[in-house]
Amino acid sequence: MQTTISESDVLNLINGLVLPRKSFDFTPNGDLPSDEKPPITRREGIDDIVNALLSGREQKSNPEWVEALDRWWAREHAATIIAFALLKERHGREYTPRYEDYLPGRHLMYKRLVDDAILSFMPDIKNRKVAEIGSGSGISLTMLAREGAIAHAFDISETALGFFKYLARQSSVENRIRTKKGDFYQIDFSNDEFDLAYNVGVFEHRTPKERIKLLEEMKRITIPGGYIMIAVPNLISPHYKKMREREESIFQKFKQYMYPERDFHDVDPRELLTEAGLDVLKHDYVLIAPSAPIGRKVIHQEDYEFFMKLPNINGGNIPTAEKIKIWELLEARATPLQRQRYGWFVYSISRKS
């Protein structure tokens, strides 16, 4: 059907509601960083916090790549500490810092994974044991702990686990979390221990043989009738690709910010789970909100009317919580094809027989 809606109309709406997702996107007023407003990762004093977090580790004799991971996660932790302090300064003494006000795009992606994938199959999650293998900061684990789950974080990086503990304290769920440091391929958990084992953004960094080995371990620790979920980036999404372009540009300029695992593979989580003999219950995409202004020729013309459901804020500075709500409402209206076209992440959830 012919439309009179122009591309610029659509882009104006979308770009007025960008949700920052990466630490280098953050400025206290919610603007995107610029030369006048450098990102939080370049703020004075951050290196002192990073070094303090690294020196506080129990295990310091790590392989070089683990040391690089520890430094990465220490910087992310330090950036969050500074961001929370700046947000508190801006909002006043009574304000409690929230991750969604810091990186709303990241928060919303994990919230959609928790709500649309995990809780849709496990609504009775209270006191159920869940494990994220390769947990990083464990944002989704914190959300599951808020729902009453016993949330176990497993990661090779000690500072990533420390960051998770920090976020859990911020959410007052530290009594419902557990942490363990170890190797992906020899997970130090018992057979048939968890109601859910999952990870987000891990399998795309692994070789085919490593993926099989990791998935076998995830199966081993999951109870019969329990769930296994894999989520990976949707490499065709223009919103995801725009973020990657900016990320690579920043990493080239500031090598110390680079995440040590830069190999990316196009992974089909449904295919992985099926080949492992698991029954895939749902396969879908999440997060259609961009984290950077998008340009021309990335929105399909037949989707113009869909995106025009976004409100016209006319450059207004609306609260972050309202932006999150706007994108959640739009995502609920998206067709499967629209989620596939624009969603940042693709996930599959399966059940172990």
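Between Glu158 and Trp73, the closest side-chain pair of non-hydrogen atoms is not below 4.5 Å.
Between the side chain of Thr335 and the backbone N or O of Gln338 there is at least one donor-acceptor pair closer than 3.5 Å. Arg178 contributes a side-chain N or O that, together with a main-chain N or O of Asn175, makes up a donor-acceptor pair within less than 3.5 Å. Using modelled atom types, no side-chain atom of Ser190 and backbone atom of Glu193 make a donor-acceptor pair closer than 3.5 Å. When atom types are taken as modelled, the side chain of Asp155 and the backbone of Ser135 share a donor-acceptor pair closer than 3.5 angstrom.
No continuous path of hydrophobic side-chain contacts links Leu53 to Leu161 [ILVMFWY only; heavy atoms under 4.5 Å].
Between the side chains of Ser140 and Tyr198, at least one donor-acceptor pair of N or O atoms lies under 3.5 Å. Of the N and O atoms on the side chains of Arg176 and Asn127, at least one donor lies less than 3.5 Å from an acceptor on the other residue. Side-chain contact check for Ser350 and Asp279: no donor-acceptor pair (N or O, by modelled atom type) lies under 3.5 Å. For the residue pair Thr274 and Glu271, no side-chain donor N or O sits within less than 3.5 Å of a side-chain acceptor on the partner.
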- Message: Using side chain to side chain donor-acceptor pair (under 3.5 Å), reason through Asp9 and Tyr304 one step at a time and then give a plain yes or no.
- Response: CA-CA 9 Å; Asp9 291 336; Tyr304 284 3; over 6 Å; no

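Cation-pi geometry between Lys180 and Phe154 is not satisfied (NZ or CZ under 6.0 Å from the ring centre, within 45° of the ring normal).
In this view, Tyr347 and Lys282 satisfy the side chain to side chain donor-acceptor pair (under 3.5 Å) rule, not counting sequence neighbours. Taking Phe203 as the reference, nothing meets the ring-ring contact (aromatic ring centres under 6.0 Å, His included) condition, with sequence neighbours excluded.
Contact record, Val232 with Glu204: CG1-OE1, 3.6 Å, taken as the closest heavy-atom pair.
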